[in-house]
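A quick write-up on the structure given underneath.
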Amino acid sequence: MSTPGERIKQLRKEHKMTQEQLGDVIGVQKAAIQKYEKGTVQNIKRASLIKLAEVLDTTPEYILGWNTPNNIEPFNTDEMVSIPIIGKVAAGISCFAENNIVGYESIPKSDISPSEQYAFLRVTGDSMYPIFMEDDLVLIRIQSSVDSGSYAAVTIDNADGVLKRVVYGKDFIELQSVNPMYPPRRFEKEEITRIRVFGVVKESKRKY
């Protein structure tokens with residue numbers, strides 16, 4: 001029977017995460033993850049154990065090796081893939097620089113296309129309420145254009161990205177919020193070049 005440390009190490013590798021990346025996500029140093037995997041998991045704080053189980057798509061009971069009912073099947077991590085959560089939208093591959101990745105979120109492989117690139121963004125503010133709420137994780141398929149009426153992550157003047165409904169018209173692009181308290185922003189003619197599409201919204205995740 002494997003030890004808690006061995007289970008943590010196995011799950012971490014299945015999620016293609018380094019010790020440092022896993023530590024960043026649950027809020028501990030790389031050295032702490034090393035200790036967990038070496039067998040000193042009894043020193044882990046309850047909050048860290050819960051977060052660790054959440055990130056690795058398992059349960060605290062599984063990590064600790066406690067018995068589970070016979071009718072519960074183990075979670076098949078082979079069907080999951082870890083998508084980076086990026087701190088801000090940036091042009092090109094720079095958005096995936098190590099210092100801009102703030103964590104990882106696992107989703108079923110069936111939710112994405114292996115030939116496409118994806119990232120999660122965390123929603124801030126209430127301009128897209130109630131469809132997208134503060135702290136929601138929004139899965140973005142990275143692409144340089146979207147259909148009119150799509151929800152997308154865009155940048156304005158190469159500043160940090162925003163989540164908006166993108167509407168195209170004759171010689172203009174309009175960025176619309178869902179919350180009526182925020183009026184639409186229209187960019188006409190040469191102003192259109194101020195807008196750059198980062199990607200289209202594919203799904204949103206909300207945790208309680």
Side-chain angles (χ1 to χ4, degrees), residues 1-68 72 74-90 92-109 111-112 114 116-125 133-142 153 160-161 163 198-199 202-208:
M1 182 177 179
S2 61
T3 66
E6 289 170 340
R7 284 189 285 275
I8 292 172
K9 185 176 182 179
Q10 179 183 352
L11 289 170
R12 174 179 62 78
K13 289 186 174 182
E14 288 175 355
H15 283 70
K16 296 181 174 60
M17 299 177 71
T18 66
Q19 291 177 331
E20 185 173 6
Q21 289 169 340
L22 180 56
D24 288 343
V25 174
I26 69 170
V28 301
Q29 297 295 318
K30 174 183 176 181
I33 301 298
Q34 291 174 330
K35 289 180 180 179
Y36 299 161
E37 294 186 355
K38 287 180 180 179
T40 54
V41 73
Q42 65 268 21
N43 295 326
I44 190 172
K45 294 181 180 179
R46 179 177 180 273
S48 296
L49 178 61
I50 292 173
K51 185 64 176 178
L52 188 65
E54 178 181 297
V55 171
L56 296 177
D57 298 304
T58 186
T59 64
E61 291 81 4
Y62 173 80
I63 290 176
L64 295 174
W66 296 351
N67 292 331
T68 56
I72 296 181
F75 189 84
N76 186 2
T77 57
D78 290 340
E79 299 302 319
M80 305 294 289
V81 60
S82 293
I83 303 297
I85 304 171
I86 60 175
K88 61 181 180 180
V89 170
I93 198 66
S94 62
C95 67
F96 294 105
E98 185 175 347
N99 61 357
N100 194 33
I101 295 178
V102 297
Y104 290 83
E105 183 74 13
S106 295
I107 62 173
K109 290 181 179 178
D111 285 0
I112 64 173
E116 305 286 352
Q117 194 171 27
Y118 297 83
F120 272 108
L121 296 178
R122 192 173 298 279
V123 176
T124 59
M133 299 175 63
E134 181 93 18
D135 288 332
D136 283 357
L137 280 178
V138 178
L139 180 65
I140 304 293
R141 185 176 69 200
I142 299 172
D160 287 350
L163 190 67
F198 176 73
K202 298 304 296 180
E203 65 177 60
S204 179
K205 301 183 71 173
R206 184 172 303 160
K207 296 182 180 180
Y208 299 91

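Positions are given from 1 along the sequence. Computed from a prediction, not measured in an experiment: that's the story for all the values here.
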Checklist entry - After noting the C-alpha distance and the side-chain angles of Q21 and Y104, does the key distance pass the side chain to side chain contact (heavy atoms under 4.5 Å, CB included) rule? => result CA-CA 8 Å; Q21 289 169 340; Y104 290 83; 2.9 Å; yes
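- In terms of heavy atoms, Q19 sits closest to K30 at OE1-CE, 3.7 Å.
- Nearest heavy-atom pair, V25 versus G103, reported as atom, atom and distance to 0.1 Å: CG2-CA, 3.4 Å.
- Between S204 and the choices L163, L139, D136, V123, the side chain to side chain contact (heavy atoms under 4.5 Å, CB included) rule is met once, by D136.
- Inter-residue side-chain proximity for D24 and V102 is flagged as unmet; no heavy-atom pair is nearer than 4.5 Å.
- The CD atom of E203 sits 5.5 Å away from atom CZ of F120, with the distance rounded to the nearest 0.5 Å.
- Distance CD1/I26 to OH/Y36: 5.0 Å, rounded to 0.5 Å.
- At least one side-chain heavy atom of D57 sits under 4.5 Å from a side-chain heavy atom of H15.
- Side chains of K205 and I107 form a contact here, defined as non-hydrogen atoms less than 4.5 Å apart.
- Checked by atom type and distance alone, the side chain of E134 never pairs as donor or acceptor with a backbone atom of T124 at under 3.5 Å.
- Scanning all heavy atoms of the two residues, the minimum distance from I140 to A153 falls at CD1-CB, 4.1 Å.
- Under the 4.0 Å criterion applied to side-chain N and carboxylate O atoms, E6 and K9 are not assigned as salt-bridge partners.
- Taking OH of Y118 as the start and CD1 of I83 as the end, the distance is 8.0 Å to the nearest 0.5 Å.
- Distance check: Q117 CD to I112 CD1 gives 10.5 Å after rounding to the nearest 0.5 Å.
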Next on the checklist: Using side chain to side chain contact (heavy atoms under 4.5 Å, CB included), reason through T18 and I33 one step at a time and then give a plain yes or no.
Outcome noted: CA-CA 10 Å; T18 66; I33 301 298; over 6 Å; no
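- Taking CE of M80 as the start and CG of D111 as the end, the distance is 8.0 Å to the nearest 0.5 Å.
- For the residue pair R122 and I85, the shortest heavy atom distance occurs at NH2-CD1, 4.2 Å.
- Here CD of E37 is found 10.0 Å from CG of L11. Values are rounded to the nearest 0.5 Å.
- The side-chain heavy atoms of V55 and M17, taken from C-beta on, include a pair separated by under 4.5 Å.
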